[in-house]
Every structure is written in C-alpha cells, then in structure tokens.
Amino acid sequence: MSGNKTFTMIKPDAVAEGHTGAILKMIEEAGFRVVAMKKTQLTPERAGQFYAVHKERPFYNDLCDYMSSGAIVPMILEKENAVTDFRTLIGATNPANADEGTIRKLFAKSIEANAIHGSDSDENASIEGSFFFASTEQY
Ligand code: CMP
C-alpha cells in the first residue's frame, strides 16, 4: 500500500479548454482532498527541470515546449493509497489505452497533451510536490 499523498498537475491543453473544474470535480468525488493548489505557468527551463528524468527521451524537447505553452494547475492531494488510486483515476499515459471513465479517456488529446500528470511513486510525489509548493504541513 502506498502513502497518503500524491502530486498532480492539470496540463496546458486541459486548462486552456476549460476542463479544470470538471477534472477537479472528478478528483474530489473520487475521495481525494486538495491539500494545495495554484494556477501557474512554467518556463521551458523549469519544465525541463521537472521532467529531467526524461532528458534522453526523443520527446523531451517537445514535452518541455508543450508543458510551458500555457497555464497549468499543480496540486497536492491526500487520500489513503493516493499514488496508486490516482493513477487508476487518470488512466493510461496514452489516452488510446485509457479505460472508459478515466480523466485521460475523457479529456486527453494525445500521448503528449494527455490532460493531467500523476506521480508514479511516493518518493516522486514528495519531490514533485516540493517543486511547486514550499510547505503544506499547515493544511
Ligand atoms: P506524464 O506521465 O505526466 O509525464 C511524462 C510525460 O511525457 C507524459 O505524461 C506525456 O505527456 C509525455 N510522454 C510520454 N511518452 C510520450 C511519447 N511516447 N511521446 C510523447 N510524449 C510522451
């Protein structure tokens, strides 16, 4: 069983198309509590830092351009088994493979513009949350 926090961000395609509210509703109805949330925009350099783990991948430069192309909504979420349950809620990275009813099946446009991010481990949830938020202990 994983820990009780995860990190997510609603990506530029979904924010620009006005899906923030609908996605947030799905997140809360699935039992996640929003611990921290803001609307912001990454520079290409900051996007590159966030996705440094993918530096050698052929899609890295496009990914950094895309992730800095518009506003995003990063959040820290809380729920038992948060990392695993959230990845179930968002569905597969490639929306073509995402299950019916998942956030990516409903809102993602492509494997790159896939509407939402979800941390893949407790360790990365903590690292990624700290990338956007200084401290959430008071919430
Ligand atoms: P995410 O899981 O949030 O973090 C890595 C991102 O890289 C992923 O979402 C996609 O947006 C993007 N990505 C992953 N695989 C590919 C791919 N094969 N082609 C283009 N973009 C990708």
Side-chain angles (χ1 to χ4, degrees):
M1 173 147 141
S2 68
N4 67 346
K5 287 212 179 96
T6 192
F7 170 81
T8 183
M9 54 186 165
I10 304 175
K11 297 187 179 184
D13 57 302
V15 174
E17 288 175 15
H19 298 314
T20 302
I23 291 173
L24 193 52
K25 187 166 188 278
M26 287 181 71
I27 290 171
E28 290 193 311
E29 285 180 352
F32 292 88
R33 193 175 75 82
V34 178
V35 175
M37 174 169 69
K38 65 183 167 188
K39 188 172 186 179
T40 186
Q41 183 163 354
L42 292 168
T43 62
E45 292 71 28
R46 286 266 295 161
Q49 287 164 16
F50 185 87
Y51 282 115
V53 65
H54 295 304
K55 214 174 188 138
E56 307 305 326
R57 308 287 282 276
F59 57 81
Y60 177 72
N61 286 337
D62 280 350
L63 178 63
C64 295
D65 287 347
Y66 159 65
M67 284 303 299
S68 56
S69 67
I72 58 168
V73 178
M75 285 178 248
I76 293 173
L77 303 173
E78 187 174 58
K79 180 186 182 297
E80 247 182 52
N81 225 13
V83 166
T84 309
D85 286 1
F86 194 72
R87 286 174 73 83
T88 301
L89 177 66
I90 66 178
T93 303
N94 186 345
N97 302 327
D99 288 341
E100 289 298 328
T102 60
I103 292 175
R104 283 173 171 157
K105 185 70 176 185
L106 287 165
F107 299 112
K109 293 162 74 172
S110 67
I111 191 168
E112 178 181 79
N114 64 355
I116 192 160
H117 169 81
S119 301
D120 63 4
S121 66
D122 290 347
E123 188 190 0
N124 282 338
S126 172
I127 293 168
E128 292 170 1
S130 303
F131 188 90
F132 286 97
F133 300 100
S135 169
T136 58
E137 275 170 29
Q138 69 272 36
Y139 306 115

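First listed ligand is number 1; within each ligand, the first listed atom is number 1.
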May I ask you to identify, for Leu63, whether its side chain, its backbone, both or neither come under 4.0 Å of ligand 1 on a heavy-atom basis? side chain

Backbone N/O of Phe7 and side chain of Ser119: donor-acceptor pair under 3.5 Å: yes

Would you say His54 touches ligand 1, if touching means a heavy atom closer than 4.0 Å? yes

Counting heavy atoms only, name the option from Thr8, Ile111, Val53, Asp13 that's nearest to atom 10 (C) of ligand 1. Ile111

Nearest heavy atom to atom 2 (O) of ligand 1 wins, so pick from Met9, Glu128, Arg87, Arg104. Arg104

Same apolar cluster (I L V M F W Y, side chains within < 4.5 Å links), Val34/Ile23: yes

Quick one: which ligand 1 atoms are inside 4.0 Å of a heavy atom on His117? 1 (P), 3 (O), 4 (O)

Quick test: of every protein heavy atom, which one is nearest to atom 4 (O) of ligand 1, and how far off is it to 0.1 Å? Tyr51 CE2, 3.2 Å

Once ring pair (Phe, Tyr, Trp, His ring centres under 6.0 Å) is applied, what residue pairs with a partner in residues 15-43 remain, sequence neighbours excluded? His19-Phe107, Phe32-Phe86

Fit a plane to each ring of Phe50 and Phe132, take the angle between them on a 0 to 90° scale, and name the class: parallel (under 30°), tilted (30 to 60°) or perpendicular (over 60°). tilted

Test your reading of the model: is there a side-chain donor-acceptor pair from Tyr60 to the backbone of Gly48, 3.5 Å cut-off? yes

Tell me the contacting part of Tyr66 for ligand 1: side chain, backbone, both, or neither, using a 4.0 Å heavy-atom threshold, strictly below. neither

Take Arg57 and Tyr51 through the test side chain to side chain contact (heavy atoms under 4.5 Å, CB included) and record every step on the way to the result. CA-CA 10 Å; Arg57 308 287 282 276; Tyr51 282 115; over 6 Å; no

Counting non-hydrogen protein atoms only, what is the nearest one to atom 20 (C) of ligand 1? Give residue, atom name and distance. Phe59 CB, 3.5 Å

Protein contact to atom 11 (O) of ligand 1 [nearest heavy atom, distance to 0.1 Å]: Glu112 O, 2.9 Å

What pairs of donor and acceptor atoms, side-chain ones from residues 93-103 against any protein atom, are under 3.5 angstrom apart with sequence neighbours left out?
from   : atom 1 : to     : atom 2 : distance (Å)
Asn94  : OD1    : Ala96  : N      : 3.0
Thr102 : OG1    : Asp99  : O      : 2.7
Thr102 : OG1    : Lys105 : N      : 3.3

Heteroatom distance test (Lys11, ligand 1): nitrogen or oxygen, under 3.5 angstrom: yes

